[in-house]
Chemist: 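Before I ask anything, let me first share the structure, which is written out below as structure tokens.
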Protein chains: 2
Amino acid sequence: MLTYSEENYLKTIFHLSLGQKKGVSTNAIAAKIETKASSVTDMIKKLNEKQLIKYQKYQGVTLTAEGIMAAKMIVRKHRLWEVFLVEKLGFNWDEVHDVAEELEHIKSEKLINKLDAFLEYPTQDPHGDPIPNAKGEIKLVDKQLLSEIDINTKVVCVGVKDSSSEFLQYLDKHKISLGTVIEIVDIEPFDQSYTIGLHQHTITITKKIASNLYVKVISA
Amino acid sequence: MLTYSEENYLKTIFHLSLGQKKGVSTNAIAAKIETKASSVTDMIKKLNEKQLIKYQKYQGVTLTAEGIMAAKMIVRKHRLWEVFLVEKLGFNWDEVHDVAEELEHIKSEKLINKLDAFLEYPTQDPHGDPIPNAKGEIKLVDKQLLSEIDINTKVVCVGVKDSSSEFLQYLDKHKISLGTVIEIVDIEPFDQSYTIGLHQHTITITKKIASNLYVKVISA
DNA sequence: ATATATTTTTAGATTTGTCTAAAATTTAGT
DNA sequence: ACTAAATTTTAGACAAATCTAAAAATATAT
């Protein structure tokens with residue numbers, strides 16, 4: 001049985017290892033969990049003992065198969081609860097993260113599988129992130145960052161890279177949500193700001209915004 | 001902010017104090033929480049510091065107004081989650097207690113009030129126990145133990161005193177649930193066993209069973 | 001290549017909640 | 001009322017998870 005804290009470390013290592021091939025560094029984990037590197041080293045030793053990660057001093061960590069599955073189950077729970085909060089309880093997509101951080105630690109396989117059925121087996125959470133199924137399988141969706149798309153292309157918004165409430169509220173303010181069709185009207189060479197066409201209006205967004213929006217091309 | 005453990009103590013003291021006028025004893029708390037009396041004393045000191053209970057050495061504890069409200073909010077959460085598990089996720093009433101014990105500690109007032117609305121403001125949980133509203137008000141329902149009812153009376157089952165899965169499964173086996181009409185056909189003087197009429201059949205139950213079923217009289 | 005900077009680990013301390021064993025207090029029996 | 005029994009508290013220890021400060025290892029820069 002994993003503790004609350006062990007689960008958080010596994011989840012964090014899982015997320016960090018997606019972006020890279022090498023082991024995840026102590027400092028990277030510490031930054032994400034907002035704790036000290038020395039605390040991370042302590043926990044790394046525990047997870048290593050439990051065979052959930054592979055660890056060599058000073059060389060970072062990687063998850064074992066067992067560790068990956070445990071991490072996926074936590075991610076599964078987190079994202080299913082997010083769907084529940086938005087779809088059933090009427091939370092906005094910028095309000096669900098912190099509550100889901102708590103709910104993801106509830107220990108009951110039956111609960112999570114019944115919740116999954118109740119929600120009709122969603123494959124994505126409210127931010128467009130994939131939900132692992134009960135076997136840990138993740139259905140990857142074809143998506144690109146808006147910042148990688150050429151001018152005069154029509155795309156649909158399918159996810160966000162940054163799911164902080166600040167960014168999500170920015171999107172709300174500009175009426176951008178999952179499913180919103182976006183047309184890239186212009187890209188300013190000087191600062192790479194994007195002028196994009198939405199339903200009724202046209203707005204200009206910074207490179208930073210474009211680098212945090214996942215889209216799928218509809219037509220060139 | 002209360003810890004998980006502090007919340008469990010408050011809830012336990014709340015439940016134990018309902019049955020009596022005097023302060024709740026250390027041993028009673030220890031028995032319910034399944035811990036040692038010395039651990040209880042330690043926690044009592046913390047809760048006293050936080051002004052959630054009134055405490056005098058060797059004299060047991062009583063909750064302060066603030067402590068009562070905190071306890072009621074935990075009970076509220078526990079029972080609302082139980083309703084959710086049964087009504088929405090299809091759990092049986094004997095399966096929900098342990099999961100609700102975890103869910104009751106999720107910290108979000110918004111969550112619990114939205115859950116309350118989603119469930120359409122239930123006033124009772126799956127075992128017939130009252131659910132405190134957002135203000136902490138509890139709607140007491142008129143009920144008696146089946147063991148207190150006279151012969152030749154028709155009653156309806158409205159709750160259970162013991163909500164252990166063993167007892168609930170016994171009731172399931174005999175097709176007794178909330179709303180079941182029960183007619184007291186006979187009471188054996190020797191062992192106070194009850195012969196009761198249900199929908200189609202008649203069964204005999206022990207005094208112990210009758211002492212754990214809450215009913216409401218329909219007619220004499 | 002070597003000095004410097006950064007990262008990581010170790011050592012030792014702290015907090016929370018628990019425990020055992022012993023001491024203090026209260027309760028109950030005669 | 002006095003003694004025995006039960007309850008409650010205290011004292012000291014421990015495990016989990018964290019921290020600070022210092023030491024060790026690795027990475028970087030010229």
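The shown structure was predicted, so the numbers you read here are calculated from the model rather than taken from an experiment. Letters A, B, ... mirror the listed sequences (proteins, then strands); counts begin at 1.
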Chemist: Taking Lys107(A) first and then Glu7(A), would you say they form a salt bridge - that is, a charged N and a carboxylate O separated by under 4.0 Å?
Modeler: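 The answer is yes: the pair qualifies as a salt bridge.
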
Chemist: What's the verdict on side chain to side chain contact (heavy atoms under 4.5 Å, CB included) for His105(A) and Leu2(A), showing C-alpha distance, side-chain angles and the deciding distance?
Modeler: CA-CA 9 Å; His105(A) 300 291; Leu2(A) 299 172; over 6 Å; no

Chemist: Check nucleotides 17-19 of chain D for protein N or O atoms closer than 3.5 Å to its own N or O atoms and list the pairs.
Modeler:
from	atom 1	to	atom 2	distance (Å)
dA17(D)	OP1	Thr3(A)	OG1	2.7
dA17(D)	OP2	Lys46(A)	NZ	2.7
dT18(D)	OP1	Ser5(A)	OG	3.4
dT18(D)	OP2	Ser5(A)	OG	3.4
dT18(D)	O4	Asp42(A)	OD2	3.4
dC19(D)	OP2	Thr35(A)	OG1	2.4
dC19(D)	OP2	Lys36(A)	N	3.1
dC19(D)	OP2	Ser39(A)	OG	2.6
dC19(D)	N4	Asp42(A)	OD2	3.4

Chemist: Can you see whether Ser164(B) engages Asp162(B) through a side-chain donor-acceptor pair at a distance of less than 3.5 angstrom?
Modeler: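 A donor-acceptor contact under 3.5 Å links the two side chains.
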
Chemist: Would you say the side-chain atoms of Asp191(B) and Ser193(B) include a donor-acceptor pair closer than 3.5 Å?
Modeler: yes

Chemist: Evaluate whether atom CD of Gln56(A) has more than 12 neighbouring non-hydrogen atoms of other residues, nucleotides or ligands under 6.0 angstrom away.
Modeler: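 Counting neighbours around CD of Gln56(A), 12 or fewer heavy atoms of other residues, nucleotides or ligands fall under 6.0 Å, so no.
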
Chemist: Indicate whether OP1 or OP2 belonging to dT8(D) is found under 4.0 Å from a side-chain N or O atom of Asn27(B).
Modeler: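 For dT8(D), OP1/OP2 do have a side-chain N/O of Asn27(B) under 4.0 Å.
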
Chemist: Evaluate whether atom NZ of Lys36(B) has more than 12 neighbouring non-hydrogen atoms of other residues, nucleotides or ligands under 6.0 angstrom away.
Modeler: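 Counting neighbours around NZ of Lys36(B), 12 or fewer heavy atoms of other residues, nucleotides or ligands fall under 6.0 Å, so no.
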
Chemist: Within the structure shown, what part of the strands sits under 4.0 Å from Thr41(B) by heavy-atom distance: base, sugar-phosphate, or nothing?
Modeler: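 Counting heavy atoms under 4.0 Å across all strands, the contact made by Thr41(B) includes a base.
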
Chemist: Testing Lys72(A), Arg76(A), Lys11(A), Lys77(A) for salt bridge (Lys or Arg N to Asp or Glu O under 4.0 Å) with Glu104(A), which one passes?
Modeler: Lys11(A)

Chemist: Using a 6.0 Å cut-off, check whether atom CD of Gln20(B) has over 12 heavy atoms from anything other than its own residue.
Modeler: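 Result for CD/Gln20(B): enclosed.
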
Chemist: Does anyone know the first and last nucleotide of DNA chain C in reach of chain A, 5' to 3', at under 4.0 angstrom to a heavy atom?
Modeler: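 The protein-touched segment is dT7(C) to dT10(C).
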
Chemist: dA23(D) C1' sits how many Å from Lys57(A) NZ, rounded?
Modeler: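 Between C1' of dA23(D) and NZ of Lys57(A): 12 Å.
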
Chemist: Distance check needed: dT8(D) C1' versus Gln56(B) CD, whole Å only.
Modeler: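 After rounding, the reported distance stands at 14 Å.
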
